[in-house]
Amino acid sequence: MSGLFIKICGMTTPAAVDAALTCEVDAIGFVFATSVRCVTAARASELAAPARRRVPCVAVTRHPTRAQVDEILRDFKPDILQTDIDDIEALNLPRELAVLPVMRPGPKPACAIPRRVLFEGPVSGSGRTTDWDAAAELALRIEVILAGGLNAGNVAAAIRHVRPFGVDVSSGVEGEPGIKNTELIEKFVAAARMAALELKE
């Protein structure tokens with residue numbers, strides 16, 4: 001394996017979960033923010049069942065309320081909570097819960113930057129690429145999981161430019177909005193792993 005961390009985000013169907021597991025990705029995400037991929041905590045729990053103890057299941061949020069977080073923790077029981085870095089301190093999350101902070105292009109956050117972040121575009125799930133130059137600069141110092149507008153056609157170039165710890169894809173592996181395509185997942189994972197292996201040579 002290439003050693004590259006790969007996350008497929010926005011699971012909405014059992015077929016998508018199965019495809020991600022078949023490709024042996026490193027994490028899968030379930031969206032709880034406003035999106036065509038948004039699922040309830042109960043539905044996410046059902047979809048995640050085959051993945052439990054195989055890959056981390058990530059609850060993807062943006063500016064959630066405390067009540068929303070409580071519902072997600074109670075009904076979905078995520079392995080990781082993903083949310084914007086500036087959200088985290090106010091949420092007072094359980095210490096045992098792993099967190100994946102999201103950073104976006106623009107002013108640096110007021111809080112300390114942790115050792116691993118997801119670097120995303122201004123609007124999650126929009127299919128627009130983020131600032132690869134800013135991501136590359138950040139990747140020199142910490143582990144960056146690159147997201148934002150990635151697909152099988154551009155992920156190799158993104159990996160060569162940014163040299164990230166990992167990559168995250170959602171709309172780039174969909175046949176229609178909110179519905180993952182098995183073949184596109186396979187192509188994305190293969191392209192990402194090949195690019196990462198080439199960098200090692």
Side-chain angles (χ1 to χ4, degrees), residues 1-11 16 19-20 23-29 31 33 35 37 55-56 58 60-62 80 82-88 98-175 177 180-201:
M1 302 295 283
S2 65
L4 181 77
F5 179 95
I6 300 175
K7 173 170 164 269
I8 310 291
C9 196
M11 297 286 141
C23 289
E24 298 183 344
V25 301
D26 300 283
I28 56 175
V31 175
S35 165
R37 302 163 194 90
V55 299
V58 184
V60 178
T61 68
R62 187 174 190 191
I80 302 169
Q82 174 182 318
T83 197
D84 280 48
I85 191 166
D86 292 328
D87 293 340
I88 293 170
V99 176
L100 179 57
V102 177
M103 288 182 62
R104 303 173 191 275
K108 288 193 171 127
C111 59
I113 297 175
R115 67 179 184 87
R116 182 182 298 172
V117 302
L118 185 137
F119 195 86
E120 170 69 284
V123 181
S124 302
S126 66
R128 288 183 290 173
T129 54
T130 190
D131 184 340
W132 289 0
D133 288 336
E137 191 278 329
L138 192 62
L140 294 172
R141 297 181 282 120
I142 64 170
E143 293 179 346
V144 169
I145 299 171
L146 182 68
L150 297 179
N151 54 57
N154 68 7
V155 69
I159 289 169
R160 287 192 294 269
H161 189 102
V162 177
R163 296 179 178 253
F165 168 79
V167 291
D168 183 1
V169 66
S170 185
S171 62
V173 291
E174 291 179 349
K180 298 290 180 283
N181 178 287
T182 297
E183 185 178 348
L184 291 178
I185 290 175
E186 291 170 353
K187 286 182 176 179
F188 178 87
V189 171
R193 286 183 175 146
M194 181 62 69
L197 284 170
E198 288 171 354
L199 282 183
K200 285 185 168 184
E201 292 176 355

**Asked** Excluding sequence neighbours, so at least two apart, what forms salt bridge (charged side-chain N to carboxylate O under 4.0 Å, His left out) with Glu137?
**Response** Arg141
**Complete:** For Asp84, the salt bridge (charged side-chain N to carboxylate O under 4.0 Å, His left out) test, sequence neighbours excluded, returns Arg62, Arg104
**Message:** Within the structure provided, determine whether Pro105 and Thr130 are in side-chain contact (heavy-atom separation under 4.5 Å).
**Reply:** yes
**Request:** Measure the CD1-CD distance between Ile88 and Gln82 for me, rounded to the nearest 0.5 Å.
**Result:** 10.0 Å
**Asked** Can you tell me how far the CD1 atom of Ile6 sits from the CD1 atom of Ile28, to the nearest 0.5 Å?
**Response** 14.0 Å
**Prompt:** In chain order, what residues pass the side chain to side chain contact (heavy atoms under 4.5 Å, CB included) check against Leu184, with sequence neighbours excluded?
**Reply:** Val173, Asn181
**Asked** Say you draw a straight line from CE of Met103 to CG of Leu138; how long is it, rounded to the nearest 0.5 Å?
**Response** 5.0 Å
**Spacing of Leu100 atom CG and Ile145 atom CD1 [to the nearest 0.5 Å]** = 5.0 Å
**Those residues that, when tested against Pro177, pass side chain to side chain contact (heavy atoms under 4.5 Å, CB included) (two or more places apart)** = Val36
**Message:** Ala134: which residues meet the side chain to side chain contact (heavy atoms under 4.5 Å, CB included) condition with it, sequence neighbours left out?
**Reply:** Phe119, Asp131
**Message:** Distance check, rounded to the nearest 0.5 Å: Cys23 atom SG versus Lys187 atom NZ?
**Reply:** 12.5 Å
**Request:** Determine the minimum heavy-atom distance between Pro56 and Asp26, stating which atoms define it.
**Result:** CD-O, 3.0 Å
**Fill in**
Residues Pro164 and Leu146: closest non-hydrogen pair is CB-CB, 4.2 Å
Side chains of residues 150-159: which donor-acceptor partners sit under 3.5 Å, not counting sequence neighbours?
{"residue": "Asn151", "atom": "OD1", "partner": "Gly153", "partner atom": "N", "Å": "2.8"}
{"residue": "Asn151", "atom": "OD1", "partner": "Asn154", "partner atom": "N", "Å": "3.0"}
{"residue": "Asn154", "atom": "OD1", "partner": "Asn151", "partner atom": "N", "Å": "2.8"}
{"residue": "Asn154", "atom": "ND2", "partner": "Gly149", "partner atom": "O", "Å": "3.0"}

**Asked** Who passes side-chain hydrogen bond (donor to acceptor under 3.5 Å, both in side chains) against Thr61, sequence neighbours left out?
**Response** Thr83
**Asked** How would you list, by chain and number, every residue that makes a side chain to side chain contact (heavy atoms under 4.5 Å, CB included) with Glu143, sequence neighbours excluded?
**Response** Arg115, Arg116, Phe165
**Item:** Listed once per pair and sorted, the salt bridge (charged side-chain N to carboxylate O under 4.0 Å, His left out) pairs that draw on residues 146-173, sequence neighbours left out
**Value:** Lys7-Asp168
**Any side-chain heavy-atom pair of Arg193 and Glu24 under 4.5 Å** = yes
**Prompt:** Looking only at heavy atoms, what is the nearest atom pair of Ser171 and Arg37, with distance?
**Reply:** CB-NH2, 3.4 Å
